[in-house]
K.L.:
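Could you have a look at this structure, given as structure tokens, before my questions?
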Amino acid sequence: MTSLKDETRAVYDGLHREQLDDDAIFERFVSLTSPSYFGVEENHFRDKTVLDAGCGTNANAAYALLQAGAEHVCALDVGERWMTTAREVLADFEGRFTLVAGDVEALPFEADRFDFVHCSGVLHHVETPEQGFRELARVTRPGGRLYVGITGVGGGIVYAWVNLLRMRYREDASFRRIVDGLSVEQLQWWVEWLLAERRAHEATSPEEEAFFRSLFDRDLVLTIKDRLQAPTCHEFAFTEDQVRGWYGVLGFEAVERLTRYPRGIGNVRRFLAPLYYRYESPLARLLFGDGFIQLIGTKSVPPPA
Ligand SMILES: C[S@@+](CC[C@H](N)C(=O)[O-])C[C@H]1O[C@@H](n2cnc3c(N)ncnc32)[C@H](O)[C@@H]1O
């Protein structure tokens, strides 16, 4: 029987490979992981040993952290299939990275190993997110930092819809076929069909049509598949307070919620970018509830014996 982690890995392997076909998508992801986002100095990573847990086939955060000067990055994900591609992506940093097959819920590292632990978009995909968090905390060295990005609790209108569509995807084979078969070519065909039908009935302008076309691209197709295909067992289940509690119980200090403005989205989601950044605004709360919870904390140093 395929395990949850193997099934999740297979979905993301496909999505990450498609993302790599488009330089703009990869560059957008890389730009999200920067020292300023973590609130640290530009040269902060220079002498740091870093873990990127659940790095994905495109290893975008590992790439960004190496680009930011990390001394060494361990990039970990499930199985080994992703490694050939990740090694090509990270080729410029030869000698400064290690690729590791592993499970975030049982990390193959000794305690207190890393100066900085990064885990984005992974914990809501595992059997026991809290166990994954405990493992990430265990391998962070005292005085080191742990960054976690996890989807927050529902309640937001958009997330409520996403959950409905996720259920439909699991239960309705014909809907599943449509989602699985969705491609940017298919999407663009529908867009052209809509425009042609509309043109036949009322006056339109080339500018208006060009704008409408710009709302749909490959990145959007991959986002839709990301939200619907992953066999996540925790559908937007966590609150910020709960995740802060995990940090607190394990002795982390200075826990802060981070936010960033995701520049460079080409499709319709570019108009939502201000809400991803201002996650606390009433409109963002209405649409996304707790949003994508991005927390960073410092593991406390035990007092001298
Ligand atoms: C949404 S992707 C995020 C990838 C990358 N961190 C990023 O931000 O682009 C989720 C990743 O978590 C990985 N993953 C899922 N379950 C895992 C587990 N138990 N241990 C380690 N990685 C896991 C998947 O294989 C996938 O690459």
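Quick caveat, the model's predicted, so the values are computed rather than measured. Start at 1 and go down the list; that is how both ligands and their atoms are numbered. As a basis for the values below, the full set of heavy atoms in this structure was taken, side chains included, without hydrogen atoms, waters or symmetry mates.
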K.L.:
For atom 11 (C) of ligand 1, what is the nearest protein heavy atom, given as residue, atom name and distance?
P.N.:
Gly54 O, 3.9 Å
K.L.:
With sequence neighbours left out, what residues match Ala173 under side chain to side chain contact (heavy atoms under 4.5 Å, CB included)?
P.N.:
Arg176, Arg177
K.L.:
Please state whether the rings of Phe133 and Trp246 are parallel, tilted or perpendicular, taking 30° and 60° as the class boundaries.
P.N.:
tilted
K.L.:
Could you check whether Ser174 and Asp172, counting side-chain N and O atoms only, form a donor-acceptor pair closer than 3.5 Å?
P.N.:
yes
K.L.:
What protein heavy atom sits nearest atom 23 (C) of ligand 1, and how far off is it?
P.N.:
Val78 CG2, 3.7 Å
K.L.:
Of the protein's non-hydrogen atoms, which lies at the shortest distance from atom 24 (C) of ligand 1, and what is that distance?
P.N.:
Asp77 OD1, 3.6 Å
K.L.:
Heavy-atom contacts under 4.0 Å between Asp103 and ligand 1: side chain, backbone, both, or neither?
P.N.:
both
K.L.:
Considering non-hydrogen atoms of the protein only, which is the closest contact for atom 21 (C) of ligand 1, and what is the distance?
P.N.:
Val104 N, 3.6 Å
K.L.:
Over 60° means perpendicular and under 30° means parallel, so tell me whether Phe116 and His118 are parallel, tilted or perpendicular.
P.N.:
parallel
K.L.:
Provide, to 0.1 Å, the distance between atom 10 (C) of ligand 1 and the closest protein heavy atom, together with that atom's residue and name.
P.N.:
Gly121 O, 3.4 Å
K.L.:
Give the atom numbers and elements of ligand 1 that come within less than 4.0 Å of a heavy atom of Gly56.
P.N.:
27 (O)
K.L.:
Can you tell which of Asn60, Thr128, Thr8, Val30 gets a heavy atom nearest to atom 9 (O) of ligand 1?
P.N.:
Asn60
K.L.:
For atom 16 (N) of ligand 1, what is the nearest protein heavy atom, given as residue, atom name and distance?
P.N.:
Val126 CG1, 3.8 Å
K.L.:
Hey, is Glu127 one of the residues with a heavy atom under 4.0 angstrom from ligand 1?
P.N.:
no
K.L.:
If a pair satisfies salt bridge (Lys or Arg N to Asp or Glu O under 4.0 Å) and one of its residues is in residues 76-94, list it, with sequence neighbours excluded.
P.N.:
Arg9-Asp77, Asp13-Arg81
K.L.:
Which protein heavy atom lies closest to atom 3 (C) of ligand 1, and at what distance to 0.1 Å?
P.N.:
Ser120 O, 3.6 Å
K.L.:
May I ask whether Cys55 places a heavy atom under 4.0 Å from ligand 1?
P.N.:
yes
K.L.:
Please determine which of Leu4, Asp103, Asp6 meets the side chain to side chain contact (heavy atoms under 4.5 Å, CB included) test together with Val78.
P.N.:
Asp6
K.L.:
Take the angle between the ring planes of Tyr37 and Tyr147 and call it parallel below 30°, perpendicular above 60°, tilted in between.
P.N.:
perpendicular
K.L.:
Is the Lys NZ or Arg CZ of Arg257 less than 6.0 Å from the centre of Tyr279's six-membered ring, within 45° of the axis?
P.N.:
yes
K.L.:
Any sub-3.5 Å donor-acceptor pair from Lys48's side-chain atoms to Asp115's backbone N or O?
P.N.:
no
K.L.:
Using a 4.0 Å cutoff against the non-hydrogen atoms of Arg9, which atoms of ligand 1 qualify?
P.N.:
24 (C), 25 (O), 27 (O)
